[in-house]
**Q** 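Below are the structure tokens for one structure; questions will follow.
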Amino acid sequence: MDPVRLIRIKEDIHADNNAVAEALRRRLSDTKTFLLNIMSAPGSGKTSTILRTIEALRGQLRIGVIEADIESAVDAERLVAQGIAAVQLNTGGFCHLDASMVSRGLEALDLNNLDAVIIENVGNLVCPAEFDTGAIRNAMILSVPEGDDKPLKYPLMFSVCNVLLVNKIDYLTLSDFDLAAMRERVLRLNPAIEIFAVSARTGQGFDAWTEWLHREVRAFTGEKRA
Ligand SMILES: Nc1nc2c(ncn2[C@@H]2O[C@H](COP(=O)(O)OP(=O)(O)O)[C@@H](O)[C@H]2O)c(=O)[nH]1
Ligand SMILES: [Mg+2]
């Protein structure tokens, strides 16, 4: 009897995706467009943070948004209502975005007139961490009500990110969330990660976070003109 053929689908999928992601990064480099991928659990404050970030950088950076959800267009509608260039992707059940889905989203935006695009990835702490979207930087949001133990439970997510926003810091005094313990757990996984404690509700911490983002975008794009 012939030996059973083993096909490693996961490795093939990742190899294909990595090639698309690299091609996408070359295109971003050509058009001088920074791409930030934001990941988090549902409800941690991705859309609220994106809105406040764009508002804080208005007049300094032109930022578009790719929204991703399994269903609905509510997040993109929220952004478009604020005059932001946004496109909604529906993954139809997929729990993450890959680089080809992001490429489709970018086609709907006028990259010549944008310094940066922010991706709001599908809300979960598992699958999005496994797929390179083609982004220049990865960010994640952990909100205070989710608890300070999440780096222990979802180490890959904390390992693949360049920056962590600890959101809903306005809840800190009402909670047993231990910011110092969380920080130590994250730095053990990823010593290079930047951590900002913020509140998308009150705006606390946004100066430091948006300064970091502004610096990263300009390091990539230089002074880009329309
Ligand atoms: N108290 C507080 N609530 C927040 C903050 N950021 C977001 N929220 C609320 O959390 C809920 C989910 O926020 P949303 O931005 O839609 O999260 P997403 O699902 O990650 O996009 C909404 O009711 C927001 O008003 C924050 O910093 N503090
Ligand atoms: Mg959202």
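Numbers here are sequence positions counted from 1. On a predicted model such as this, the values are computed, not experimentally measured, just so you know. Side chains are part of it too, since the values below use all heavy atoms of this structure and drop only hydrogens, waters and symmetry mates.
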**Q** Can you list the steps and then say if R201 with D170 is a salt bridge (charged side-chain N to carboxylate O under 4.0 Å, His left out)?
**A** CA-CA 8 Å; R201 170 73 47 87; D170 51 301; 5.0 Å; no

**Q** State, to 0.1 Å, how close T47 and E120 come at their nearest heavy-atom pair, and which atoms those are.
**A** OG1-OE1, 2.7 Å

**Q** Run the numbers on E216 and V163 for side-chain contact (heavy atoms from CB on, under 4.5 Å), then give the verdict.
**A** CA-CA 11 Å; E216 293 290 315; V163 57; over 6 Å; no

**Q** Can you find a pair of side-chain heavy atoms, one from L114 and one from L61, that are under 4.5 Å apart?
**A** no

**Q** Give a yes-or-no answer on whether the side chains of D132 and N18 include a donor-acceptor pair shorter than 3.5 Å.
**A** no

**Q** Taking the side chain as everything from C-beta on, heavy atoms only, tell me whether K46 gets closer than 4.5 Å to N121.
**A** no

**Q** Mark yes or no for whether R25, through its side chain, and I136, through its backbone, hold a donor-acceptor pair below 3.5 Å.
**A** no

**Q** Should R52 and E55 count as an ion pair when the cut-off is N to O under 4.0 Å?
**A** no

**Q** How far apart are the closest heavy atoms of V186 and P151, and which atoms are they?
**A** CG2-CG, 3.5 Å

**Q** Should we say atom CZ of R58 is surrounded by more than 12 heavy atoms from elsewhere, each under 6.0 Å from it?
**A** yes

**Q** Does either side chain, that of N37 or that of N138, offer a donor lying less than 3.5 Å from an acceptor on the other one?
**A** yes

**Q** Heavy atoms only: give me the nearest N167-S199 pair and the separation to one decimal.
**A** OD1-CA, 3.5 Å

**Q** Any sub-3.5 Å donor-acceptor pair from E130's side-chain atoms to C127's backbone N or O?
**A** no

**Q** Would you say N90's side chain and G92's backbone share a donor-acceptor pair under 3.5 angstrom?
**A** no

**Q** Any side-chain to backbone donor/acceptor pair from D149 onto L152? Under 3.5 Å, distance only.
**A** no

**Q** Under a 4.5 Å side-chain heavy-atom rule over Ile, Leu, Val, Met, Phe, Trp and Tyr, are I38 and L142 clustered together?
**A** no

**Q** Does the plane of the ring in F34 sit parallel, tilted or perpendicular to the ring in F220? Use 30° and 60° as the thresholds.
**A** perpendicular

**Q** Which pair of heavy atoms, one from D148 and one from D176, lies closest together, and at what distance?
**A** OD2-O, 3.7 Å

**Q** Is V117 close to I63 at the side-chain level, that is, under 4.5 Å between some pair of heavy atoms?
**A** no

**Q** Does any non-hydrogen side-chain atom of F131 lie less than 4.5 Å from one of H14?
**A** yes

**Q** If you measure from CD1 on I195 to CH2 on W209, what distance do you get to the nearest 0.5 Å?
**A** 13.5 Å

**Q** With a 3.5 Å distance limit and no angle check, can you tell me whether D207 reaches the backbone of T210 through a side-chain donor-acceptor pair?
**A** no

**Q** According to a hydrophobic-cluster definition based on side-chain heavy atoms being under 4.5 Å apart (Ile, Leu, Val, Met, Phe, Trp, Tyr only), do I66 and L36 belong together?
**A** yes

**Q** Using atom types as modelled and distance alone, determine if a side-chain donor or acceptor of D98 lies under 3.5 Å from a backbone N or O of M101.
**A** yes

**Q** Any side-chain to backbone donor/acceptor pair from T53 onto T49? Under 3.5 Å, distance only.
**A** yes

**Q** Can you hop from L189 to M140 via hydrophobic side chains spaced under 4.5 Å?
**A** yes

**Q** Is there a continuous path of hydrophobic side-chain contacts, each under 4.5 Å between heavy atoms, that joins L97 to I70?
**A** no

**Q** Of all heavy-atom pairs between Y171 and P145, which one has the smallest distance, and what is that distance?
**A** CD1-CG, 3.6 Å

**Q** Is there a side-chain contact between F177 and E146 in this structure, where contact means two heavy atoms from C-beta onward sitting under 4.5 Å apart?
**A** no

**Q** Would V144 end up clustered with V198 when hydrophobic side chains under 4.5 Å apart are linked, directly or stepwise?
**A** no

**Q** What are the two closest non-hydrogen atoms of V20 and S103, and how far apart are they?
**A** CG1-OG, 4.3 Å

**Q** Check the pair T33 / T221 against side-chain contact (heavy atoms from CB on, under 4.5 Å), numbers first and verdict last.
**A** CA-CA 6 Å; T33 314; T221 68; 5.9 Å; no

**Q** Quick test of your reading of the model: are R26 and D30 salt-bridged, counting only N-O distances below 4.0 Å?
**A** no

**Q** Tell me if a side-chain donor or acceptor on N17 pairs with a main-chain N or O of A99 at a distance below 3.5 Å.
**A** yes

**Q** Charged N to carboxylate O under 4.0 angstrom, E211 versus R215?
**A** no

**Q** Side chains of V65 and I84: does their closest heavy-atom pair fall under 4.5 Å?
**A** yes

**Q** How about M182 and L164: do any of their side-chain heavy atoms sit closer than 4.5 Å?
**A** yes

